[in-house]
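Some notes on the structure that comes next.
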Amino acid sequence: MLFRVDPSSNTPLADQIAACVRGAVADGSVRAGERLPAARDVAESLGVNMHTVLRGYQSLRAEGLIELRRGRGAVVVAGATPGRARLVEHVRALVAEARSLGLSDDEVVAVVRTSLGCGP
């Protein structure tokens, strides 16, 4: 798996690392059950701190795309389909757009609930 980051970008390195994995799941080049490279190896190849990589991996775990296991490392979960990865990318873009418009978290949730047909 290829990781690319841009240190001059405004996007935090951990987010860029997570985006690389998300993109690989979305395009099908990484599938459920596959192990991701060890955080130490990724950090060394990118010239970043290992904790930066781990923060990126933890974001992916929170999104339900990977599982972190002691001794086995990061593994793509069964529910991490390309469609789900693309959906997570869209949601992140929605949140970023909402932030740029100055919407609060409650306002974003209200917009989503209305779109789902379960809100005011």
Side-chain angles (χ1 to χ4, degrees):
M1 172 169 196
L2 183 63
F3 288 87
R4 288 194 181 129
V5 295
D6 178 4
S8 65
S9 171
N10 290 333
T11 304
L13 293 173
D15 291 347
Q16 292 182 50
I17 290 166
C20 289
V21 175
R22 214 178 289 113
V25 172
D27 71 17
S29 61
V30 173
R31 300 184 192 286
E34 287 189 45
R35 286 177 42 177
L36 298 180
R40 184 174 316 247
D41 295 341
V42 174
E44 187 176 301
S45 71
L46 295 176
V48 300
N49 187 292
M50 181 179 71
H51 295 288
T52 300
V53 178
L54 289 173
R55 274 195 308 277
Y57 280 9
Q58 288 167 349
S59 293
L60 294 164
R61 180 182 63 188
E63 294 168 5
L65 294 176
I66 68 168
E67 187 175 76
L68 296 173
R69 300 178 186 165
R70 280 206 188 277
R72 282 200 62 208
V75 178
V76 179
V77 299
T81 62
R84 181 182 176 105
R86 284 191 302 274
L87 178 63
V88 170
E89 289 177 336
H90 291 305
V91 169
R92 291 179 68 81
L94 168 76
V95 170
E97 177 70 12
R99 296 264 187 267
S100 74
L101 295 172
L103 274 66
S104 69
D105 290 354
D106 290 338
E107 290 171 313
V108 175
V109 170
V111 168
V112 171
R113 284 194 174 152
T114 300
S115 297
L116 290 170
C118 58

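Numbers here simply count residues along the sequence, with the first being 1.
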Going hydrophobic residue to hydrophobic residue with side-chain gaps under 4.5 angstrom, can you get from F3 over to V75?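 No: no chain of side-chain contacts under 4.5 Å links F3 to V75.
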
Test item: [X] and [Y] side chains (from C-beta on) under 4.5 Å apart, heavy atoms:
X: Y57; Y: V42; answer: yes
X: R86; Y: P82; answer: yes
X: I17; Y: L46; answer: yes
X: V21; Y: L36; answer: yes
X: V108; Y: D105; answer: no
X: V76; Y: R31; answer: no
X: E107; Y: V112; answer: no

Heavy-atom closest pair, residues [X] and [Y]:
X: V25; Y: A80; value: CG1-O, 3.4 Å
X: G56; Y: A18; value: O-CB, 3.6 Å
X: S9; Y: T11; value: OG-N, 3.0 Å
X: V5; Y: Q16; value: CA-OE1, 3.1 Å
X: A32; Y: A78; value: CB-CA, 3.6 Å

Can you list, by chain and residue number, the hydrophobic cluster partners of L54 when the side-chain cut-off is 4.5 Å?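 Once heavy-atom contacts under 4.5 Å are chained together, L54 belongs with M50.
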
Please assess N49 against T52 for the test side chain to side chain contact (heavy atoms under 4.5 Å, CB included), listing each intermediate value before the final yes or no. CA-CA 5 Å; N49 187 292; T52 300; 3.8 Å; yes

Test side chain to side chain contact (heavy atoms under 4.5 Å, CB included) on L94 and E97 and set out the steps. CA-CA 5 Å; L94 168 76; E97 177 70 12; 5.7 Å; no

Test: salt bridge (charged side-chain N to carboxylate O under 4.0 Å, His left out). Region: residues 19-28. Which pairs qualify, not counting sequence neighbours?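 Only R22-E63 qualify under salt bridge (charged side-chain N to carboxylate O under 4.0 Å, His left out).
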
Within this structure, what is the CG-CZ distance for the pair L87 and R92, rounded to the nearest 0.5 Å?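 It is 12.5 Å, given to the nearest 0.5 Å.
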
Quick one: CD1 on I66 to CD on Q58, what's the gap to the nearest 0.5 Å?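 Between I66 CD1 and Q58 CD, I get 9.0 Å after rounding to 0.5 Å.
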
